[in-house]
Each structure stands twice: as C-alpha cells, then as structure tokens.
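One structure is given here, and the rest of the page talks about it.
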Amino acid sequence: MDFTHRVWHVVRQCPRGKVVSYGGVAAILGTPRAARGVGQALQALPPDTKVPWWRVINRNAEISIRGGHGPILQRKLLEKEGVKFNRAGRTDWKKYGWDGVLRRPLDANE
DNA sequence: ATAGTGACTGGAA
DNA sequence: CTTCCAGCCACTA
C-alpha cells in the first residue's frame, strides 16, 4: 500500500464535525514532515470518493485549497457538519480538532 | 536519477 | 498579525 492510500485510510477515519491538519495526518502516518505529500494524496482523490477530504485543513485551521469552487465547497460541507468559521475564514482547533490528533503546544491560534 | 510543482509547516523578518 | 523563505515529502515528466 503506497503513501497515497495510507493517507486516504487515515482521513476516512476522521469523524463527522471534526477537522485535522495535513501535518496531523502526516504525523499519524509516522512522517510528520509529509504534509505536502498529504495534500498531493488528497488532490489525487477520485471525484466519487467517500473519503472526507474536506475535513483536512492547514495548520492555521483554514481552508488551504485555492481557486475554483473547491474552497467554497469545502467550507459548505464543513458548515453542514456544524463546523463554524470566524471572520478570517478560520475554524477552531479546540472545538473541532480531531481527538486522535495532537499538535504542537501552541494551538494559541484562534 | 534529476528537476519542477504544490490542498504544507515552522521560523525569521 | 502579515509576508517571506527555506526545508520536506510525494508525484510526475
């Protein structure tokens, strides 16, 4: 099983209404520095996938996709699950962070 | 094997 | 707080 499939396997376990960072997924896989690789894996997802790719956001708790309707769709899907965004387009790790994922002690970001 | 690209990150400016 | 920059990893040509 290659890296891409392992990423999908992990993301698929993210519960509804929760979010995880690219780095977080990478950490679960044992490769904390493979955040970009995680992004690559998600971009490779087929359009009819059942993997909750929208629950994966960047370290600032904001949507990292750029261009097209992608970012709008992701935000919509998250809000539909109860995830709220602040004025800066960011969500809250404290409230929606996936329990199975731990990050650095800073999490001081809103 | 080498080089370029990016849904990333942490640290410096 | 914002922008920049240099590593890092996987993928593709």
Side-chain angles (χ1 to χ4, degrees):
Chain A
M1 193 178 227
D2 58 15
F3 182 81
T4 299
H5 280 271
R6 284 187 290 172
V7 169
W8 296 352
H9 185 68
V10 171
V11 175
R12 191 163 42 197
Q13 293 176 61
C14 184
R16 195 167 176 289
K18 295 285 187 178
V19 292
V20 60
S21 69
Y22 297 91
V25 174
I28 294 175
L29 292 174
T31 54
R33 299 301 160 205
R36 300 186 85 147
V38 172
Q40 289 288 77
L42 294 182
Q43 186 171 52
L45 278 168
D48 62 329
T49 182
K50 303 168 192 57
V51 178
W53 56 268
W54 56 88
R55 298 186 188 134
V56 185
I57 57 185
N58 67 23
R59 76 174 148 118
N60 292 314
E62 58 189 9
I63 291 172
S64 197
I65 306 176
R66 303 176 201 191
H69 53 284
I72 301 174
L73 172 62
Q74 179 166 19
R75 177 164 177 160
K76 223 167 216 198
L77 290 168
L78 286 174
E79 293 183 317
K80 192 162 58 180
E81 299 185 343
V83 177
K84 294 181 166 54
F85 289 80
N86 63 20
R87 191 166 56 118
R90 297 190 303 209
T91 177
D92 189 344
W93 283 121
K94 291 284 175 48
K95 298 192 58 163
Y96 314 112
W98 184 13
D99 301 300
V101 185
L102 297 185
R103 52 184 52 63
R104 295 188 149 299
L106 70 130
D107 60 47
N109 6 344
E110 300 116 271

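Everything numeric here is computed off the predicted structure, so don't read it as measured data.
- Taking atom CG on A:Asn60 and atom C1' on C:dT3, their separation rounds to 12 Å, with Å as the unit.
- What separates OH of A:Tyr22 from C1' of C:dG7 is a distance of 19 Å, to the nearest Å.
- A:Thr4 OG1 to A:Gln43 CD: the interatomic distance, rounded to the nearest 0.5 Å, is 11.0 Å.
- Across the protein-nucleic acid pair, A:Trp8 atom CH2 and B:dA7 atom C1' stand 14 Å apart, rounded to whole Å.
- Sorted by first and then second residue, the side-chain hydrogen bond (donor to acceptor under 3.5 Å, both in side chains) pairs with a member in residues 61-78 of chain A read A:Arg75-A:Glu79; sequence neighbours excluded.
- The nearest whole Å value for the distance from the CZ atom in A:Arg33 to the P atom in B:dC8 is 15 Å.
- Rounded to a whole Å, the CD1 atom of A:Ile63 is 16 Å from the C1' atom of B:dC8.
- For the atom pair CG (A:Asn60) and CD1 (A:Ile63), the distance works out to 13.0 Å, reported to the nearest 0.5 Å.
- Here the C1' atom of nucleotide B:dA7 and the CD1 atom of A:Ile65 are 5 Å apart, to the nearest Å.
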Heteroatom pairs (N/O) under 3.5 angstrom, protein to nucleotides 10-13 of chain C:
from, atom 1, to, atom 2, distance (Å)
C:dC11, OP1, A:Thr4, OG1, 2.5

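- Nucleotide C:dT2 holds its P atom 10 Å from the CZ atom of A:Arg87, rounded to whole Å.
- Between A:Asn58 atom CG and B:dG10 atom P the separation is 10 Å, expressed in whole Å.
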Could you list the donor-acceptor pairs under 3.5 angstrom formed between side-chain atoms of residues 7-15 of chain A and any protein atom two or more places apart in sequence or on another chain?
from, atom 1, to, atom 2, distance (Å)
A:Trp8, NE1, A:Ala41, O, 2.9
A:Gln13, NE2, A:His9, O, 3.2

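- Rounded to the nearest 0.5 Å, atoms CZ (A:Arg6) and CD1 (A:Ile28) are 12.5 Å apart.
- A:Ser21 places no side-chain N or O within 3.5 Å of a backbone atom of A:Ile57 that could act as its donor or acceptor partner.
- At a cut-off of 3.5 angstrom, counting only N and O atoms as typed in the model, there is a donor on one side and an acceptor on the other between the side-chain of A:Arg59 and the base of B:dG10.
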